[in-house]
Structure formats: structure tokens, C-alpha cells
Amino acid sequence: MVQSWLRRLRPVIWALACTQTVAWFPCPSCRCRPSLVPNRQFDYKARRGGFDELRSQAKATARPITTQQPAGLGPQAEMWPPLPSGTPITPLPKEYSRLLAKPGEGAPGIPLKDVKAKHLEGASLDFVHPVDLDFPGLRVVHLDPLVLVVENFLTGEECDELISLSADPEAAMQVASPTFGGALAMTGQRTSTTWFLRYASARNLVERNAALLQLADTDGRRRFEEPQLVRYGPGQQFKWHLDQVPAGEQLDNGGQRLATTLVYLNDMEEDAPGAGATKFRELGVAVEPKKGMALLFFPAFAKPGRIGPEEEEEEGAGHAPSSEKGAQRVKGAKSKKGGKRGKKDVGVAPIPISFEAGKGDERTLHCGSPALFGTKWIAQIWTHAEAYEPKVPPGNAHL
């Protein structure tokens with residue numbers, strides 16, 4: 001019995017022991033057992049010729065391949081072309097990686113208090129709408145452009161109350177999901193259901209947002225758009241877009257949008273990983289829904305300024321700026337080690353960004369990924385540069 005098993009295992013043992021020096025094939029006579037043949041006797045050219053013949057046959061029978069758009073763009077490649085190489089973008093430095101929670105195990109980013117002062121200087125805080133940096137639960141996801149999240153911005157009960165407003169016609173008005181530009185809506189840019197809420201019905205959201213953006217006075221609250229409640233069913237999404245108000249369209253009411261506050265009202269734990277996430281294409285950032293968590297970013301600059309190398313540094317084109325602030329890189333640059341996010345980026349000339357107050361920040365291009373199986377609920381509110389006059393629901397008034 002034992003000898004029988006040894007006879008069966010012997011060819012396998014020989015093959016494993018000799019894989020570096022020999023190739024084994026079935027015995028050409030009876031094929032009952034493998035016979036060992038030195039690799040140097042194997043006719044590789046003949047074997048390669050067989051592969052070439054198969055490849056030629058495959059090419060002859062294959063269907064033509066359709067040219068595809070760059071990854072992540074889809075049919076919107078012409079609408080939203082990639083930003084030029086050299087655009088300054090500043091992610092969190094790698095030294096903070098130990099503070100990041102694993103996906104699905106906590107809020108993204110790191111607590112603001114853990115970010116060093118020299119890195120906060122590169123976060124463009126001087127050019128965006130003011131934020132209460134001591135607000136509880138505030139975390140930094142990306143430095144420039146600045147992307148923040150706030151843990152437990154709303155309680156679970158408050159989230160459920162907002163969702164329930166969708167069934168109250170007195171508190172909310174259902175409309176076709178709005179987006180700037182009629183052509184975008186016609187091409188399925190956004191597929192979801194939206195309710196405009198009365199400020200009084202979403203009091204917790206309005207007051208919490210006012211505290212976060214340091215607009216607790218009455219005049220400050222008049223800069224808020226109508227709060228919105230949005231539902232994304234299975235397969236529904238909001239494709240790549242910018243939140244800024246396009247020039248010449250609706251700018252007469254409140255001016256430019258300076259801040260976007262988006263609150264996730266339910267979890268997507270039972271859905272596929274990444275379902276319903278808010279993605280920023282140029283930043284490589286994806287924020288997954290977490291009930292009660294707020295996402296805050298800035299679609300336009302609140303003050304004039306300049307981001308990038310100083311005047312004298314521009315003459316040294318061919319390398320990205322390096323400063324004590326660390327972290328800053330330029331889009332498309334590669335590190336000396338061949339990576340894309342090295343500290344010493346080379347090969348791409350930096351392109352500084354100069355802007356006036358109200359200029360949109362195209363680096364904040366983002367999308368709402370589709371929910372695959374479940375339903376995603378969010379509440380959102382935009383903050384304008386000037387007083388905003390609400391339009392819907394009829395009789396809606398600021399707090």
C-alpha cells in the first residue's frame with residue numbers, strides 16, 4: 001500500500017525538485033509516467049512559433065476594439081478634461097498615514113488638532129470661507145484644495161427626522177433634481193430625487209452649519225441656500241460636476257457658492273464597498289457615507305490670492321516647489337523613485353494658480369457614486385458670498 005502511494009508521488013517529487021533545471025512531459029511511448037528532459041534540450045523556438053500562430057489566428061477573428069475614454073471620465077471626458085500637469089495639489093503628508101482609519105472602520109482623514117502648523121499653512125485656509133477650527137469632530141481629508149469631514153455632525157435621530165420630511169408636503173417640496181445647465185440634466189447628469197426643505201424644518205442642519213462656518217448671526221444665515229434632501233436609489237448617481245455657479249447664471253441671487261456642506265443620513269454597510277461614495281477626481285479622494293457625518297469643501301475661493309511657487313521660483317521650471325510646508329506636489333509629477341507622490345517631484349513645471357474672490361476651484365471636481373443595492377440619503381446646504389433669497393417652497397424664510 002505504502003509502496004503504491006510512493007510510486008504515484010515519485011514523479012511529482014522529482015518535478016518539484018527539478019523545476020529549475022528540467023522540464024517534464026508524459027512518456028512519449030506509453031504516457032504512463034512522466035519522463036524528465038533537461039530544459040536545454042527543449043526547442044523553445046518551435047514552441048514560440050506555435051504561440052505566434054495562435055496569436056495571428058486570434059487577431060484575425062477578434063472584433064475591432066472601440067477607443068475608450070480615459071479611466072474615471074467616461075463620456076464626460078470632453079466636458080471635464082483633466083487639469084494641466086503642474087497644477088498644485090497638496091494631500092496629507094505620508095507621515096500621517098498611521099493616524100488614518102482603515103476603510104469602513106472610522107471617519108476618513110485625521111483630527112485637525114493632529115495636523116502640524118507648517119502643513120496647515122499649505123491648506124489654503126486664507127483663501128476659502130472661514131471655518132471654526134475648534135468645531136467638535138473636525139477632521140482633515142485633503143489639504144489643498146481643503147476637504148474636511150465632521151464626525152457626528154448630526155445625531156442618528158436628527159438624520160431620521162430629515163429623511164421623514166420627504167413624506168411631509170408642508171415641510172418639503174419635491175422637484176426634479178436640479179443642476180446648473182439644462183443640457184446636463186437632459187443627458188442624465190444627475191439621476192436622483194430632491195426635496196427643497198423649509199429652513200425651519202431643517203433647523204438643526206441650518207444652525208449646525210452656521211456654527212461650523214462662523215455665521216451664527218442673522219445676516220450670516222441669510223447666505224444659505226434652501227436646504228436640500230436627496231435620495232439616490234439603486235444605480236442612481238451624480239456624475240462629475242462642479243458646485244460653483246457658472247458665470248452669468250443665477251449669480252445675481254447671492255453671488256458665488258463658497259462652501260458645500262453635505263451630510264450623509266444613512267450608512268451603506270450592506271452595499272458593495274465604495275457604493276455611494278463622494279469622489280474627487282483630481283485629488284484621488286473618496287469619502288464613503290457614514291450616518292451623521294458631514295463633508296465640507298469649497299467650490300470657489302472667498303478671497304483673492306495665489307497658490308503655487310513664488311515669482312522667483314517659476315524661473316526654475318522643471319521641478320516642483322519644495323518648502324518647509326512639505327506635502328505640496330504638482331499634478332502629473334513623478335518622484336525620483338518613479339512614484340507619483342514622492343516628496344521630491346521632478347519633471348513637471350509647476351503652474352501657480354492666481355484667482356480673484358468668487359473664482360471657482362476646478363480642482364474640486366467630484367461625483368456621487370451610485371448605490372448598487374440600497375438607497376443613499378443625503379442633506380446638503382450651500383453657502384453663498386452674499387445674501388440669498390429663497391425661492392421654494394413657497395413662503396420659505398431664513399431663520
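The shortest distance between side-chain heavy atoms of L265 and D160 does not fall below 4.5 Å. When side chains are defined from C-beta on, Q244 does not count as touching L258, because their heavy atoms never get closer than 4.5 Å. Within the 4.5 Å cutoff, no side-chain heavy atoms of C367 are placed close to those of R281. For the pair N152 and M293, the minimum side-chain heavy-atom distance is 4.5 Å or more. V175 places none of its side-chain heavy atoms less than 4.5 Å from the side chain of V392. Contact of the Q174 side chain with the T193 side chain is registered, since non-hydrogen atoms from C-beta on lie closer than 4.5 Å. Using a 4.5 Å heavy-atom cutoff, the side chains of Q228 and L197 are not in contact. With contacts defined as side-chain heavy-atom distances shorter than 4.5 Å, the pair V141/L92 does not qualify.
In terms of modelled atom types and a separation under 3.5 Å, the side chain of H119 and the main chain of A117 share no donor-acceptor contact. In this structure a side-chain-to-backbone donor-acceptor pair under 3.5 Å is present from Q236 to G233. Between the E207 side chain and the N204 main chain, no donor and acceptor come within less than 3.5 Å of each other. No side-chain donor-acceptor contact under 3.5 Å links Q256 to the backbone of A385.
None of P145, P352, P88, S354 except one satisfies the side chain to side chain contact (heavy atoms under 4.5 Å, CB included) rule with I307; the exception is P88.
Remark: L83 CG to I351 CD1 distance equals 9.5 Å, nearest 0.5 Å. Atoms CZ and CE, on R198 and M173 in that order, are 9.5 Å from each other to the nearest 0.5 Å. If you take CG on L283 and OG1 on T364, they are separated by 8.0 Å, rounding to the nearest 0.5 Å. Between the CG atom in L296 and the CG atom in L262 there is a gap of 10.0 Å [rounded to 0.5 Å]. The CZ atom of R363 sits 8.5 Å away from the NE2 atom of H142 when rounded to the nearest 0.5 Å. The CD1 atom of I378 lies 11.5 Å from the OG1 atom of T261; values are rounded to the nearest 0.5 Å.
Annotation: side chain to side chain donor-acceptor pair (under 3.5 Å) contacts involving residues 123-137, sequence neighbours excluded, comprise S124-D144, H129-R223.
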- Query: Can you check salt bridge (charged side-chain N to carboxylate O under 4.0 Å, His left out) on E356 and K303, steps first, answer last?
  - Reply: CA-CA 6 Å; E356 299 295 329; K303 300 177 182 178; over 6 Å; no
Verdict with reasoning, V115 to I110, per side-chain contact (heavy atoms from CB on, under 4.5 Å): CA-CA 8 Å; V115 181; I110 63 173; 3.6 Å; yes
Fill in: Steps toward side-chain contact (heavy atoms from CB on, under 4.5 Å) verdict (Y96, V140)
CA-CA 11 Å; Y96 297 112; V140 180; over 6 Å; no
Using the ring pair (Phe, Tyr, Trp, His ring centres under 6.0 Å) rule, take F224 and H384 through it: C-alpha gap first, then chi angles, then the decisive distance, then the call.
-> CA-CA 6 Å; F224 294 159; H384 283 253; 9.8 Å; no
- Task: List the steps and the verdict of side-chain contact (heavy atoms from CB on, under 4.5 Å) for Y264 and W377.
- Result: CA-CA 6 Å; Y264 302 101; W377 288 89; over 6 Å; no
- Show the numbers, then the answer: is there a side-chain contact (heavy atoms from CB on, under 4.5 Å) between E95 and K116? CA-CA 11 Å; E95 64 185 85; K116 297 179 181 179; 2.8 Å; yes
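Contact record, G358 with A300: O-CB, 4.0 Å, taken as the closest heavy-atom pair. When all heavy atoms of R139 and L99 are compared, the pair lying nearest together is NH2-O, 4.3 Å. The two residues A101 and A107 have their closest heavy-atom pair at CB-O, 4.0 Å. L162 approaches L154 most closely through the heavy-atom pair CD1-CD1, 3.7 Å. P234 and T375 make their closest contact through CD-OG1, 4.4 Å (heavy atoms, listed as atom of the first residue, atom of the second, distance). Taking both residues in full, the closest heavy atoms of A275 and P289 are given as O-CD, 3.7 Å, listed atom of the first, atom of the second, then distance.
Take F280 and apply the ring pair (Phe, Tyr, Trp, His ring centres under 6.0 Å) test, not counting sequence neighbours, and it matches F297, H366.
Put simply, L295 and M268 are part of two different groups of oily side chains (I, L, V, M, F, W, Y) that touch within less than 4.5 Å, one to the next. Follow the hydrophobic side-chain contacts under 4.5 Å out from V230 and you never reach L372; the two are in separate clusters. In terms of hydrophobic clustering, with Ile, Leu, Val, Met, Phe, Trp and Tyr side chains grouped at heavy-atom distances under 4.5 Å, Y232 and F373 are assigned to different clusters.
Remark: E362 CD is loosely packed, at most 12 non-hydrogen atoms of other residues, nucleotides or ligands lying under 6.0 Å away. The number of heavy-atom neighbours closer than 6.0 Å to NZ of K279, taken from other residues, nucleotides and ligands shown, is 12 or below.
The pair R257-E225 counts as a salt bridge, with a side-chain nitrogen and a carboxylate oxygen less than 4.0 angstrom apart. Taking the charged nitrogens against the carboxylate oxygens, E389 and R222 have no contact shorter than 4.0 Å, which rules out a salt bridge.
There is a side-chain donor-acceptor pair under 3.5 Å between E226 and Y388. Of the N and O atoms on the side chains of W382 and T260, at least one donor lies less than 3.5 Å from an acceptor on the other residue.
A centroid separation of 6.0 Å or more is found between the aromatic rings of F298 and F127.
A cation-pi arrangement is absent between K359 and F301 under the rule of less than 6.0 angstrom and at most 45 degrees off the ring axis.
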